[in-house]
Amino acid sequence: MNICVIGTGYVGLVTGAVFADLGNDVICVDNDKEKIELLNKGIMPIYEPGLKEIVQNNVEDRRLTFTTDINKGVRISEIIFICVGTPAKNNGETDISYIEEAAKGIGKALNEYKIIVNKSTVPIGTGDFVREIIEKNKEKDINFDVVSNPEFLREGSAIQDTLAPERIVIGAPTKEVAMKLLELYATLGRPMLITDIYSAEMIKYASNTFLAMKISFINKIANICESTGANISDVTKGIGYDSRIGSSFLNAGLGFGGSCFPKDIKSFLHTAKKFGHDFNLLNSVIEIDNNRATHFMNIIREKIGGFKGKTIGILGLSFKPDTDDMRDAKSIEIIKMMLSEGAKIKAYDPVAIENAKKIIPNIEYAKNSYSAAYKADAIAIITEWREFKLLNMEKIKKEMKRPVIFDGRNIYDPEKMRKTGFEYYSIGRR
Ligand code: UDX
């Protein structure tokens, strides 16, 4: 099939590369000229495991091309995926101006019947909006259909998630249109749900806000564990055995960041309000999450006797492991608070340092975990990168001025750490 993907961010680039890998001819369009030039040279704009290889292979096999020419991309394709960014406005509402721009471009280029698929996370009703914009901008009397096909990939495992998604949701106006998408996804052999466009758009928000709610729920339980002496690891295991609850997405820690959860909850609250609903449960999810960094800071401050003049080694900067994405990363908030209280910071992350420097330029960046630990009064684990779990802790201890670890993601065993000679504090555990 000939496919056009508009937008080469996480969703667009990964979707385009995977569709090409499945044997389709894919043309990826982006209006960022520099990005397209880099992609044409085989340089990835983001760090995502396996992405570079899959892009290179498919470019070499000529199934995957990149262009800034939306007109060309639309004209030669049967299906057009809109995968542009949908950032948040100050009031929490989603800014769909990039969607509008893409829809205008599609309308102007429309030369024969096409299916336009919205993959970006968009407020309920955006399918209708895309239809209207294309109708207004099309230059010939040509028919088209709009589909909603939300994306559920996670950063850090985006390729795998796209090749083997837990479900594929297709919100289509008719069965015939849905069948076309079904055909495209059939080779993946994954469960598919065919529904209407509004429900498909809703499924994305309901999924993300539910997952965020699980995280805030367990984080609040962790706080209560700290006060009562219960152990969050055992509590999580104990509730997770109940198949109605499940054990995934219940890791207590510093809360959620990234480009999706924080923005999607606010956007969904906004949509709910627009339709006359106060979804206060989601306000609590945000409130609990907003408190994570402060709570962690309070623990550290109390144990080390204030930050003034102290050197803190920070391990992990990205919002989660296996990505260089710093959007809404807890590290930013925590480091800024530490700096404002007079701490000196030495930070290390396996891949996010270059992106972090643009946001927090005034700290020292270390070459590895051991140099981040050098002469530190304490270490704070912010992101649970696998390599931190495999560190030589004897060596870390020797580097430090005082062997204290604040583990914001519960990656170590408290008993083992104490045996190694660390003063060790984690989330919801003694
Ligand atoms: C999320 C959704 O999972 C994905 O389906 C959607 O398409 C986009 O948003 P992503 O933001 O890439 O994906 O990361 P995810 O793995 O979901 O983690 C989000 C945040 O929650 C991270 O900051 C992570 O550290 C945190 N988290 C996750 C927890 O604190 N505890 C958990 O148990 C799980």
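Atoms within a ligand are numbered from 1 in the order they appear, just like the ligands themselves.
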Exercise. Counting both backbone and side chain atoms, is some N or O of Ser259 under 3.5 Å from an N or O of ligand 1?
Worked result: no

Exercise. Quick one: do Glu78 and Lys180 make a salt bridge, cutoff under 4.0 Å?
Worked result: yes

Exercise. How are the rings of Phe81 and Phe19 set to each other: parallel, tilted or perpendicular (split at 30° and 60°)?
Worked result: tilted

Exercise. Does a salt bridge link Arg154 with Asp161, judged by any charged N lying under 4.0 Å from a carboxylate O?
Worked result: yes

Exercise. Taking 4.0 angstrom as the limit, do Asp289 and Lys330 come out as a salt bridge?
Worked result: yes

Exercise. Should the pair Lys273-Glu93 be classified as a salt bridge under the 4.0 Å nitrogen-to-oxygen rule?
Worked result: no

Exercise. Ligand 1 versus Glu151, non-hydrogen atoms closer than 4.0 Å: side chain, backbone, both, neither?
Worked result: backbone

Exercise. Of all the heavy atoms in Lys204, does at least one lie under 4.0 Å from an atom in ligand 1?
Worked result: yes

Exercise. How does Ile218 reach ligand 1, if at all, at less than 4.0 Å between non-hydrogen atoms: by side chain, backbone, both, or neither?
Worked result: neither

Exercise. N/O to N/O below 3.5 Å, does that happen between Gly258 and ligand 1?
Worked result: no

Exercise. At what distance is the nearest protein heavy atom to atom 33 (O) of ligand 1, and which residue and atom is it?
Worked result: Asn251 N, 2.8 Å

Problem set entry | Charged N-O contact under 4.0 Å between Glu101 and Lys104 | no

Exercise. When you measure from atom 19 (C) of ligand 1 to every protein heavy atom, which one gives the shortest distance, and what is it?
Worked result: Phe261 CE1, 3.6 Å

Problem set entry | Within 6.0 angstrom of Lys397 NZ, more than 12 heavy atoms from elsewhere | yes

Problem set entry | Exercise: do Lys263 and Thr86 side chains pair donor with acceptor under 3.5 Å | yes

Exercise. To the nearest 0.1 Å, how far is atom 15 (P) of ligand 1 from its closest protein heavy atom, and which atom is that?
Worked result: Lys320 NZ, 3.6 Å

Exercise. Which heavy atom of the protein is the closest neighbour of atom 8 (C) of ligand 1, given with residue, atom name and distance?
Worked result: Cys260 SG, 3.1 Å

Exercise. Heavy atom under 4.0 Å from ligand 1: found in Arg327's side chain, backbone, both, or neither?
Worked result: neither

Exercise. When you look at CZ of Phe152, are more than 12 heavy atoms from neighbouring residues, nucleotides or ligands closer to it than 6.0 Å?
Worked result: yes

Seminar exercise, completed: Quick note on ligand 1: atoms under 4.0 Å from a heavy atom of Gly255 include exactly 23 (O), 26 (C), 30 (O)

Seminar exercise, completed: Under 4.0 Å from one or more heavy atoms of Glu155, ligand 1 contributes atoms 12 (O)

Problem set entry | N or O pair under 3.5 Å between Arg154 and ligand 1 | no

Exercise. Looking only at heavy atoms, is any part of Leu153 under 4.0 Å from ligand 1, and if so is it the side chain, the backbone, or both, or is it neither?
Worked result: backbone

Exercise. Considering only the protein, which heavy-atom contact is closest to atom 5 (O) of ligand 1, and what is its distance?
Worked result: Phe152 O, 2.7 Å

Exercise. Is the shortest side-chain N to carboxylate O distance from Glu423 to Arg402 below 4.0 Å?
Worked result: yes

For this session: Among all protein heavy atoms, pick out the one at the shortest distance from atom 20 (C) of ligand 1; state its residue, atom name and that distance to 0.1 Å.
Result: Phe256 CB, 3.5 Å

Seminar exercise, completed: for atom 27 (N) of ligand 1, nearest protein heavy atom and its distance come out as Ile215 CD1, 3.4 Å

Exercise. Relative to the ring of Phe388, is the ring of Tyr348 parallel (under 30°), tilted (30 to 60°) or perpendicular (over 60°)?
Worked result: perpendicular

Seminar exercise, completed: If you scan protein heavy atoms around atom 25 (O) of ligand 1, the nearest is Arg409 NH1, 3.5 Å

Exercise. When you look for heavy atoms under 4.0 Å from ligand 1, do you find them on the side chain of Arg292, its backbone, both, or neither?
Worked result: neither

For this session: Using only heavy-atom distances, determine whether the side chains of Tyr198 and Asp128 contain a donor-acceptor pair under 3.5 Å.
Result: yes

